Amino acid sequence: MQILHFQASRVGQSINHFGGNFQSQVKHIRELEMEKGNPEESEFLEVKLKDKRSKKNLKSYSFRGIKAEKLKNMIIGAIKAERLKNMLVPRSPESAQSKWWAVVFSVTVILLWAGLVKLSNLGETNKFESSLAFPPPRVYQNRGYLMVSSNGGLNQMRSGISDMVTIARFLNVTLIVPELDNTSFWNDPSQFKDIFDVNYFMGSLRDEVRIIKELPTKLQNVPVHSMPPVSWSNMSYYYNKILPLFEEHKIIHFLKTDARLANNGLPDEVQKMRCRANYEAIRFTPPIEKLAKKIVRILREKGPFLALHLRYEMDMIAFSGCTEGCNEEEIEELTKMRYAYPWWKEKVIDSDKKRKAGLCPMTPEETALTLKALGIDTNIQLYIAAGNIYADERRMANLREVYPNLVRKETLVPSDIKPFLNHSNQMAALDYFVSLESDIFVPTYGGNMAKIVEGHRRYLGYRTTINLNRMVLVNLIDYYNNGTISWDEFSQAVKATHADRMGKPTQRLKVPGKPKEEDYFYINPEECLSN
């Protein structure tokens, strides 16, 4: 946040302060703010009027989204305008006090006018936030600077960033706003500021940890120690192995953030910090939230909706090797894609064996049968929270037939969505927000989005998430398709299987020594739900 002080005692002096002295004050403030990031990008602005002689604060105004330079020019131009000066400054001899109050009044009018103009342009998402105040910053002795490069898709990066916030907090270091992965398969060039609200992220957490946009200028040529932290580590690793490195190197750069903190065995205050970072501090940018809210509003106008996270995109099918329902030509295409990427180690995959073990995403046909068997109203809106479905026209035909009110973000807001189309992480952010607000959330695969959204909904108190038991379902579906069981038997079995899988809080599965087999912390953050 930038704080601009305007001092006033007499009319003439006030105008001078708004002019030359004002510029020097802005320059001084920018110098003070350099360690916190780029002040020109600051979204929150506080303007204070101060009596030059008594040093008392007279008026205070807070705005969101108004640049300091723009507001400065607005005030200078208005006060220097002869017509406004003649109108607001009395010509007849009066006391210095009345002249001074005239200037205060003029600035008040200008600032309020600026706020109203800004308010008119904010729309439904960026509401006027004059009352918004971040918590006071936590004071602690900074032990170093932590830089992080988040790897993976959007939701893998999101959980990793939350873990890095927590690590920085308990090591008493300063966190640099994370870099996002631009080298993944999805090749999205978006950075943190393109997806997440940077200023809110920094400000809302400042009572716990200091976060800045970039390294201070004086440290930008200091050697950086780069390393990937050990996966699934507890806090003793960070206290005993990582903290001493800050004393030696001052700046540490973590090259990976995925699963670098254990699911279990951590103090409650550590787990709660993870939840606060993930579910409260990480917000999407105003443009993303605005469009996502518009999508939700359009859906709500027509009634309840189910967000279906249908993980049946080409990359998922190719890399998982799950080819149930694919023809020979499609299987060949998917296999070639898997072999074309040397970093994907698993090349030969038994699709049927993997499916029977419940390790494949549900196909669109299997999903249609499952939703209908669960008794989901066939008239409900089905929002497809996913990318392009592989072999869409053929594979989605069955689902469209059973649930004709099938909708996508691309068709709901065709014009508004154009700026996001070539940014897979921003598109995923839209799906995340809409899924969070849905009446029912159904993920067809246990990927990162499914886990994070389910945990987020639990954290917010939304219980209607259907966690599909894929291993049981595929066997029941095969029995029904080959005539072994009737529809009624199939439906009853599906409902019985999922009676306790409708978003009810359960204990996380803990497997000491085998963290990959445990339930992911963010899917069911019990420690954060206890109070």
Side-chain angles (χ1 to χ4, degrees), residues 150-153 155-164 166-167 170 227-242 254-275 277-278 311 316 319-322 343-362 443-456 458-459 465 467-475 497 500-501 503-530:
S150 301
N151 59 301
N155 296 291
Q156 188 176 16
M157 290 191 289
R158 180 186 182 116
S159 58
I161 289 168
S162 302
D163 289 349
M164 295 301 110
T166 304
I167 291 165
F170 287 97
M227 59 173 289
V230 176
S231 299
W232 313 109
S233 296
N234 57 29
M235 289 305 295
S236 63
Y237 165 78
Y238 289 99
Y239 290 138
N240 299 328
K241 299 291 185 180
I242 301 301
F254 283 168
L255 300 175
K256 291 182 179 296
T257 61
D258 60 318
R260 304 294 146 165
L261 200 53
N263 291 316
N264 304 299
L266 301 178
D268 280 1
E269 60 266 25
V270 172
Q271 302 289 53
K272 289 180 184 295
M273 189 69 237
R274 298 170 84 179
C275 288
N278 201 342
R311 284 298 273 119
M316 167 57 73
F319 296 135
S320 68
C322 297
W343 46 263
W344 191 260
K345 297 179 181 179
E346 190 180 16
K347 302 298 184 184
V348 180
I349 301 173
D350 186 333
S351 175
D352 187 60
K353 182 179 179 180
K354 198 169 183 178
R355 176 175 174 268
K356 292 290 187 182
L359 300 176
C360 286
M362 303 283 289
T444 61
Y445 185 69
N448 286 295
M449 176 169 168
K451 295 172 183 176
I452 301 294
V453 171
E454 181 176 354
H456 201 157
R458 283 179 174 171
Y459 185 81
T465 297
N467 187 7
L468 299 179
N469 187 327
R470 297 187 302 280
M471 186 168 67
V472 173
L473 279 173
V474 295
N475 286 289
T497 299
D500 294 323
R501 299 176 70 91
K504 294 180 180 179
T506 57
Q507 285 194 328
R508 282 198 311 273
L509 175 64
K510 301 176 183 180
V511 186
K514 297 181 179 180
K516 290 185 178 180
E517 298 179 17
E518 294 181 327
D519 284 338
Y520 192 43
F521 168 75
Y522 289 105
I523 198 173
N524 190 13
E526 300 169 50
E527 298 89 336
C528 307
L529 301 172
S530 58

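Please read these numbers as outputs of a predicted model, since none were measured by experiment. Throughout, numbering of the chain's residues begins at 1 and tracks the sequence.
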Specify the closest pair of heavy atoms between [X] and [Y], including all atoms of both residues, with the distance to one decimal.
X	Y	answer
Ser351	Gly321	CB-O, 3.1 Å
Asn151	Met157	O-CG, 3.4 Å
Ile242	Met227	CD1-CE, 3.6 Å
Thr257	Ser150	OG1-CA, 3.3 Å
Val230	Tyr237	N-OH, 3.3 Å
Lys272	Cys528	CA-SG, 3.8 Å

Gln156 vs Asp258, side chain to side chain contact (heavy atoms under 4.5 Å, CB included): CA-CA, chis, key distance, verdict: CA-CA 6 Å; Gln156 188 176 16; Asp258 60 318; 3.2 Å; yes
Between [atom1] on residue [X] and [atom2] on residue [Y], distance to nearest 0.5 Å:
X	Y	atom1	atom2	answer
Tyr239	Asn234	OH	CG	10.0 Å
Asn469	Asp500	CG	CG	11.5 Å
Trp343	Phe319	CH2	CZ	4.0 Å
Leu266	Asn264	CG	CG	7.5 Å

Residue pair Met449, Arg311: steps toward the side chain to side chain contact (heavy atoms under 4.5 Å, CB included) verdict: CA-CA 10 Å; Met449 176 169 168; Arg311 284 298 273 119; over 6 Å; no
Can you check whether [X] reaches [Y] side chain to side chain, under 4.5 Å on heavy atoms?
X	Y	value
Phe170	Pro267	no
Asn524	Asp519	no
Thr166	Tyr238	no
Glu527	Val270	no
Thr497	Leu473	no
Met235	Leu261	yes
Glu454	Tyr520	no
Asn278	Arg158	yes

Sub-3.5 Å donor-acceptor pair from the side chain of [X] to the main-chain atoms of [Y], do we have one?
X	Y	result
Arg355	Cys322	no
Glu518	Lys510	no
Thr444	Pro361	no
Arg458	Pro525	no

Lys356 atom NZ: more than 12 heavy-atom contacts under 6.0 Å: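 Buried by this count: over 12 neighbours within 6.0 Å.
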Neighbour count above 12 (heavy atom, 6.0 Å) for Lys347 NZ: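 Atom NZ in Lys347 is crowded, with more than 12 foreign heavy atoms closer than 6.0 Å.
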Residue pair Arg508 / Asn263, side-chain donor-acceptor N/O under 3.5 Å: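 No.
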Tyr445 side chain to Ser320 side chain, donor-acceptor N/O pair below 3.5 angstrom: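 No, because no side-chain N or O of Tyr445 sits under 3.5 Å from a partner of the opposite role on Ser320.
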Stacked cation flag Arg274 on Phe521, 6.0 angstrom / 45 deg: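 Cation-pi check for Arg274 and Phe521: passes.
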N-O pairing of Lys354 and Asp352 below 4.0 Å: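 Salt bridge: no.
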